[in-house]
Colleague: 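Dumping the structure here so I can ask a few things about it.
In each ligand, atom 1 is the first atom listed, and ligand 1 is the first ligand listed.
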Amino acid sequence: MQTYLVVGGAGYIGSHMVKALLGRGHEVITLDDLSKGHREAIVGGDVIEGDLGDRELLGSLFSSRRVDCVMHFAAFSLVGESVEQPLAYYLNNTGKTASLLLAMKEHGVGRFIFSSTAAVYGEPESVPIMEGAATEPTNPYGRSKLTVEKALADCETAHGLRYATLRYFNAAGADPSGAIGEDHSPETHLIPIVLQAASGKRESIAIFGDDWDTPDGTCVRDYVHVNDLVDAHILAAEHLLSGGESLTCNLGCENCYSVREIIDISREVTGREIKAVVTPRRPGDPARLVASSEKIRNQLGWRPSFDDPRAIIETAWKWHSEHPEGYSS
Ligand code: UFG
């Protein structure tokens, strides 16, 4: 049994992580400022309400508790917002992560799992994207994450930190129990918005452009179930805790589904009408984002259990239909 600090454990992916770690018998401490996350999403373990940039708080936490590994999910993640408010992104995603890493270094905590993003690649030259592809983010969100990736390599050289950087593609779905799920405000992600249109919470879904260079003209993405994503974190942590080397891996399923296909599958899963309206493209969207998942499969033995979007959407629909208003807090 290990002790994990889950930073951002009240958020969408963090809350699934906390549940999975507890389910495997680990001790979990969640640190979250609850600015975006939900208290009810944390199903157990210890909870500290606070800021990851608060060095005093982190110092007293690391002095009083032995932490084997830190998993860091707390970040701002809206591409459009990052263009309008770049400094908020550099401060929160980059600066505060540096502060967390400094507190870890000062207290000898040497294992770190970092939530990075496909946005570090920018507009890919080809798909599926390999980890060695050029990293040229097209927005401050991607740059705020890429800067941390570089800082991690520097911390390894200087202080011996061992880290795993996981570049998420499109996280989706919910825990099959229906107890926890995705609840962002505002919601910007495709699948929850489609399901809100299915449940009548929205009148329609806007398809952001149908003139892309893709088979049906709508953007293609690589959807990965949130529980497969958290499984990859557990494998990465076990790898580091058993003396493995630092690594950077894509976290996608290598599947390709278009916006129209997701809407069609959602119609079948929900049995509801879902009105779709084509609107202009959303600035900053690449036409295709599909991961090569070869590295994580080979190096960590990761095998996603939900490799088709129907099963992913079924779990998301269970959450949405049982919690039409999301969490109460
Ligand atoms: N989309 C719509 N209508 C909507 C919402 C989304 O057509 O109402 C489309 C988008 O244009 C995109 C696809 O659905 O083609 C998926 O969009 P999401 O907003 O769900 O997710 P993104 O692909 O934009 O986000 C992912 C990752 C981010 C990363 C980003 C980089 O989740 O972390 O790719 O482009 F920053």
Side-chain angles (χ1 to χ4, degrees), residues 8 11-14 36 73-83 86 89 93 114-124 127-129 133 135-146 148-149 165-173 182-198 201-226 229 250-253 255-266 274-291 309 312-313 316:
Y12 168 43
I13 301 169
K36 304 241 191 274
F73 297 88
F76 294 160
S77 60
L78 301 179
V79 168
E81 184 181 72
S82 80
V83 175
Y89 277 68
N93 295 1
F114 179 56
S115 303
S116 190
T117 166
V120 299
Y121 294 112
E123 182 72 51
V127 294
I129 306 171
T135 46
E136 287 167 9
T138 51
N139 52 64
Y141 168 58
R143 283 188 281 275
S144 73
K145 290 280 188 174
L146 184 60
V148 174
E149 289 195 10
T165 288
L166 300 174
R167 294 175 174 163
Y168 304 168
F169 283 65
N170 289 64
E182 185 169 12
D183 179 6
H184 294 116
S185 184
E187 188 53 76
T188 62
H189 291 109
L190 179 66
I191 292 176
I193 291 181
V194 170
L195 297 181
Q196 287 175 355
K201 212 172 160 201
R202 284 175 197 256
E203 205 184 303
S204 61
I205 166 86
I207 297 177
F208 297 146
D210 65 353
D211 55 354
W212 299 88
D213 180 20
T214 58
D216 69 11
T218 66
C219 288
V220 168
R221 294 288 182 273
D222 184 343
Y223 295 90
V224 50
H225 192 275
V226 62
L229 205 132
N250 287 335
L251 196 33
C253 288
N255 61 30
C256 311
Y257 287 87
S258 72
V259 173
R260 274 205 197 282
E261 285 173 316
I262 293 293
I263 296 171
D264 286 342
I265 297 167
S266 301
I274 300 175
K275 191 173 162 208
V277 182
V278 177
T279 66
R281 292 179 175 194
R282 181 172 68 176
D285 271 341
R288 296 163 198 253
L289 271 183
V290 178
I312 295 178
I313 292 169

Colleague: Not counting sequence neighbours, which residues clear side chain to side chain contact (heavy atoms under 4.5 Å, CB included) with Ala75? List them please.
Modeller: Asn93, Lys145
Colleague: Per the salt bridge (Lys or Arg N to Asp or Glu O under 4.0 Å) rule, what does the pair list look like for residues 182-197, sequence neighbours excluded?
Modeller: none
Colleague: Under the salt bridge (Lys or Arg N to Asp or Glu O under 4.0 Å) rule, what pairs show up with a residue in residues 210-221, not counting sequence neighbours?
Modeller: Asp210-Arg260, Asp211-Arg281, Arg221-Asp285
Colleague: Could you walk me through whether Arg143 and Tyr89 pass side-chain hydrogen bond (donor to acceptor under 3.5 Å, both in side chains), step by step?
Modeller: CA-CA 9 Å; Arg143 283 188 281 275; Tyr89 277 68; over 6 Å; no
Colleague: Going by atom types only, do Glu149 and Thr165 share a side-chain donor-acceptor pair under 3.5 Å?
Modeller: no
Colleague: Check the side chains of Asp264 and Tyr257 for a donor-acceptor pair under 3.5 angstrom, ignoring hydrogens and angles.
Modeller: no
Colleague: Are there any N/O pairs under 3.5 Å between ligand 1 and the protein, and if so, what are their distances?
Modeller:
from     : atom 1 : to     : atom 2 : distance (Å)
ligand 1 : 3 (N)  : Ala206 : O      : 2.7
ligand 1 : 7 (O)  : Ala206 : O      : 3.3
ligand 1 : 7 (O)  : Phe208 : N      : 3.0
ligand 1 : 11 (O) : Asp285 : OD2    : 2.5
ligand 1 : 17 (O) : Arg282 : NH2    : 3.4
ligand 1 : 19 (O) : Thr188 : O      : 3.4
ligand 1 : 19 (O) : Arg282 : NH1    : 3.4
ligand 1 : 19 (O) : Arg282 : NH2    : 3.0
ligand 1 : 20 (O) : Leu190 : N      : 2.8
ligand 1 : 21 (O) : Asn170 : ND2    : 3.1
ligand 1 : 23 (O) : Asn170 : ND2    : 3.0
ligand 1 : 23 (O) : Arg221 : NE     : 2.6
ligand 1 : 24 (O) : Arg282 : NH2    : 2.8
ligand 1 : 33 (O) : Thr117 : OG1    : 3.3

